[in-house]
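By convention in this document, chain letters (A, B, ...) are assigned in the order of the sequence lines, proteins followed by strands, and residues within each chain are numbered from 1. All values below come from the heavy atoms of this structure, side chains included, with hydrogens, waters and symmetry mates left out.
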Amino acid sequence: MSNPFENDNASYLVVRNDELQHALWPATLPVPAGWTTVHGPDSRGACLDHVEEHWTDMRPASLVAALDGTAPRD
Amino acid sequence: MSPTPAPDPAGPAASSARVEDVLPLAPLQEGILFHALFDEDGHDVYVAQLLFDLTGPLDPARLRAAADTVLRRHANLRAGFLRRASGAPAQVVQRDVTAPWEERDLTGLAGADLQAALDTLLAEDRARRFDLARPPLLRLALVRTGPLSHRLLLTYHHILLDGWSWPVLVRELLALHDAGPGDAALPPVTPYASFLGWLGTRDSDAARDAWRGALAGLTGGSRTAPVSTAHAGVLPHRVETTLTQDLTDRLTALARTHRVTPGTLLQGAWALLLGNRLRSDDVVFGAIVSGRSPDLPGVADIVGLCINTVPVRVRIDPAEPLTDLFARLQDEQARLIEHHHLGLTEIQHTAGAGELFDSCVAYQNYPVDADGLAALSAGDLRVTGVDPHDAAHYPLSLTAIPGERLRLQIDHRPDAVDSAEAGALLDRLVRLLRAVADDPRQAAGSVDLLSPAERHRVLVGFNDTAREEDYAEVADRVRRQARQRPDAVAVTDDTGRSHTYAALAARADALAAGLRAAGAAEGDLVAVLSEPTARVPVALLGILAAGAAYVPLDPQGPVTRTAGLLAAGGVTWLLCAPEQRDRAGEIAAAVTAHPVRVLDLDTAAAATAAPPPPPTAGPDRLAYVCFTSGSTGRPKGAMVHRRGMNNHLLAKLDDLRLTPADRVVMNAPLTFDISVWQMLAPLITGGRVHLVSRDAARDPAALFAAAAEHGITVLETVPSFVRAALDLWDSGAPDPELPALRWFVVNGEVLPPDLCTRWYARHPDAAIVNAYGLTECSDDNTHAFIGHDVDALLEQGRLPVGRPLRNNRLYVLDQALAPVPPGTPGELFIAGTGVGPGYLNDPRRSSERYVPDPYATVPGARMYRTGDLARLRADGQLDFLGRQDHQVKIRGNRIELGEVETALRAVDGVGDAVVAVDRDGAGQQRLLGYVTGSATADGIRAALSRTLPSYMVPSLLLHLPALPLTTNGKVDRKALPDPATLARPAGRAPATPGEEAVCAVFAAVLGLSSAGPDDDFFAHGGHSLLATRLTGRLRAELGADLTIRELFETPTPAGVAARLASARRAPVRPVLRPRARDGA
């Protein structure tokens, strides 16, 4: 059984939530609420490349805001 | 070749004079013979019954004479099944065989009384086996229920007849009853022998080619029940239902519109159910085919076993519309019709994938409706009803009986599938057929198999865990304890160090201040390098209080690997114990990507800087990062936020009802997330944590001695450690009294039930909790409480891992991410508070494991894809079934085989490498490294110790000239040699004349030049049909009475010879073993 997230022949999306967290998502399935497609449909590899390129700060956006607002880094 | 005649002590000898003909067996007859002989003591599932309602004037004597005439007409109904001297079976037709006849009078009984009497009659009759050697393998019982009403019970062995035969047989019976003696009125018989002869003219090569093509690429069979399930002598149970006429009509119309048969619809539906149940998109099941080729004249009038069971292989493309799937299936099957004659054994052999299926589907299109029955009789005596009772040995058999309303029956072997499960399966089949009728163009993968109640149960009811939480900071909670009980001992260790709560809080705050003064910012990662001593809780609390995240390191880990973790994770701070100073320096120097500042833990914790301001960014800040093995050869740093850590700590507090009186031992390696709760749960409660040395943590005697000495109340370990401890105590080592121990928590591996029983026998007051969880999801996600009645908790032989902890939601999903039905295996996904932010500095791997949660009530929430297989048990707890990938656990350590393989390939002199897992003599899992190239085992081991932690170094390194490859060039893991055979010298010679004789029979039956006394029959090409031949040869040549079951139990010549030696007195018997049994 091909895993829905690990099928090299399937087509995927890159989706992103309000925390700017990125995730892979099978292109054949409806995108769950709270997520926006930011790339795809595309191959699995291309989607992961997109993630690597664009999800550069893995901290949730709300945490970044809190940290930046109160405890600026050196 | 001629059969050896059978002596018959009970009657006139079945001498050659009585033998009329000797016929070969049809392939399915051979299969049935095997199953009938597998266990000669229990029920024979292939004893079949037909109960007819006969209405009209009936003369019992004439009917009985008619039965004898039918036997005279159809020679094969007078056959017994014997073995030739070669071991090959034959059906021997005898002359002058009459039908056993019985009469009962139940006149006067009606309604439920009559039914009860008939049920008793049927049950008693069914329990009477036929001796397959003694014809006839049928019998008749006439039950009078009134002047013009009778029941006729025809009991037969399935090896004689198939479902297409009995209408012919009944038609003849009634015609002969009506016409009187002599069969002049009947058309001539098409003998079964003509069918057997026709079989012999089929092109077997073409058939083999066709089946090989149809089954090509299949990686294995579709099993619905465990292989080990005993299958002899168990009569199946039945669940059944009838579709509404509306649904029946709509399905019939659908089939007609799309030009597929109703049988194809049913097969397609069964394939989807199987695929769902087995998590497979390539399934096989058996189909009963009529075998009556129109090429053979008069085939419809043959009375005999012409049917065959053939595999139906269905590839499921979840995106394919249902109608396309049905059309494709019909097309694929149509091309095989002319090859239906090939025996299943031969088909399976050709496919080379072992036993292909254990479920089968039959669509009964012989006449059982009113019109069909009416056509059986031309006179006043009419058949007005028929009730067939037959069965097969498969764990699951689906039968569809057409009619105005389609009837569906699932026969299930109760030892393999219980009636609740079979009933649920039938419900799902009906739902599936309704979905087919409602929307035939929908994609195969989108059919919802769950009822609304089941859906609610698995998504909502199971996950009703929401709790409002005040996620107070751990440091605050410890400070609060310090104010309440400043002088209470909070931390002790094996070196004799201890901290009171006041000292612990002061040191942790000082460390936090020191870290901040040194420049560490909120959100920074601070690694800790220390042996497990009282320093570590100080470090952990200080780091958390500073708003930073704790990154535990292996104090003995290879420097290069540790440096690699710091570099990949961007870890810039390294706190070390004083004695680890040099090592810390080496590690820091080895990180070239960025500077790493090394701080001495004692110095930093003694700083007098002002306490840091309380951190502000809330529960989304990181708490800790644990590195685990990664499949690509790079470890992954699982990030856990404070929300997840605190939620888990509170769950532990609640579920274990921890109080200030509790003392928890910290024995987990610091790099395990378990160590976090072992330290923090007691400290936020006002209890005490005792840290043991790494040596003590590895040694059952030392650990339990420490537990006794320190009055430990909560101890957590892995099952393999528990087994070692119990084995130690069983061997006579002192078993310490543990009067204080309340909770014995096990996690990290599957918990074998016997360990619990053995544990409770020694420590009945230390309750077992079976925990399951993922580092990525804040440690444990379920707890199961294992009571003293361990057996009562078993389902399919396994213990539960429990229910979701507070604020956790667990889903078991299929490949379309839809929930699977309760009881069905699926991949486990974890959602809720425990789901961490991802893998440190690894967006790529994070994005494919931490994915959108389609069932969340909060938009944008994520779930973690565990890679574990699980199912929901009938008792509502979760059942862990294993990994889907190559991740294994050795003594609780998560290991990706890929990481070990990458490390092996990097060793000088290693060409290629593959790593597998097996169990050693003591039943423990171990890693096996298979390598090619010139490197020596010692050299490889030395090189690995520099790059891998010791638990990841394979136990055995085995050198191969080349790795075995599959046809498409991938490493064939299944073909990796067993280390036992690699290490084994040439097999021993037979030790006794008995062994030598049995070896010779094995070799002859297996077609080998020779066989050794320890050669396993089934590992050397033996299969069930050959087994029948082997036992036949053993009887013929050695006078040895060995059942097939005994052969399965001791499948080697040595084992067989030992059995024979112990039963030396068994007389030499002829090939046929007569049974002195009454009535048959």
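- Of all residues spanning residues 29-36 of chain A, those with a heavy atom less than 4.5 Å away from chain B's heavy atoms are L29(A), P32(A), A33(A), G34(A), W35(A), arranged by number.
- A 4.5 Å side-chain heavy-atom check between H594(B) and V596(B) finds at least one atom pair inside the cut-off.
- Interface remark: of the candidates A861(B), G860(B), P859(B), G860(B) forms the most heavy-atom pairs closer than 4.5 Å to chain A.
- For the options A319(B), G838(B), A443(B), S846(B), heavy-atom pairs under 4.5 Å to chain A are most numerous at S846(B).
- Per-residue heavy-atom pair counts under 4.5 Å with chain A were compared for I316(B), D842(B), D282(B), and the maximum is reached by D842(B).
- A distance of 7.0 Å separates OG1 in T866(B) from CZ in F829(B), rounded to the nearest 0.5 Å.
- Residue contact with chain A, scored on non-hydrogen atoms closer than 4.5 Å, involves the backbone of Y839(B) exclusively.
- When heavy atoms are compared at a cutoff of 4.5 Å, R849(B) approaches chain A solely by way of its side chain, counted from C-beta outward.
- Scanning for salt bridge (charged side-chain N to carboxylate O under 4.0 Å, His left out) contacts around R844(B) gives D49(A), E52(A), with sequence neighbours left out.
- Taking the side chain as every heavy atom from C-beta outward, I830(B) and Y811(B) never approach each other to under 4.5 Å.
- W25(A) touches chain B through its side chain: at least one heavy atom from C-beta onward sits under 4.5 Å away, while N, CA, C and O do not.
- Residues M58(A) and P843(B) come closest through the heavy atom pair SD-N, 3.6 Å.
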For a salt bridge (charged side-chain N to carboxylate O under 4.0 Å, His left out) check, start with the C-alpha distance between D448(B) and R455(B), then their side-chain angles and the critical distance, and finish with the verdict. CA-CA 10 Å; D448(B) 188 358; R455(B) 169 175 289 268; 3.0 Å; yes
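- Evaluation of the salt bridge (charged side-chain N to carboxylate O under 4.0 Å, His left out) rule for E827(B) yields no partner, not counting sequence neighbours.
- With respect to D620(B) and R642(B), no salt bridge is recorded, no charged nitrogen being found less than 4.0 Å from a carboxylate O.
- When the salt bridge (charged side-chain N to carboxylate O under 4.0 Å, His left out) test is applied to E848(B), the partners found at least two apart in sequence or on another chain are R44(A), R865(B).
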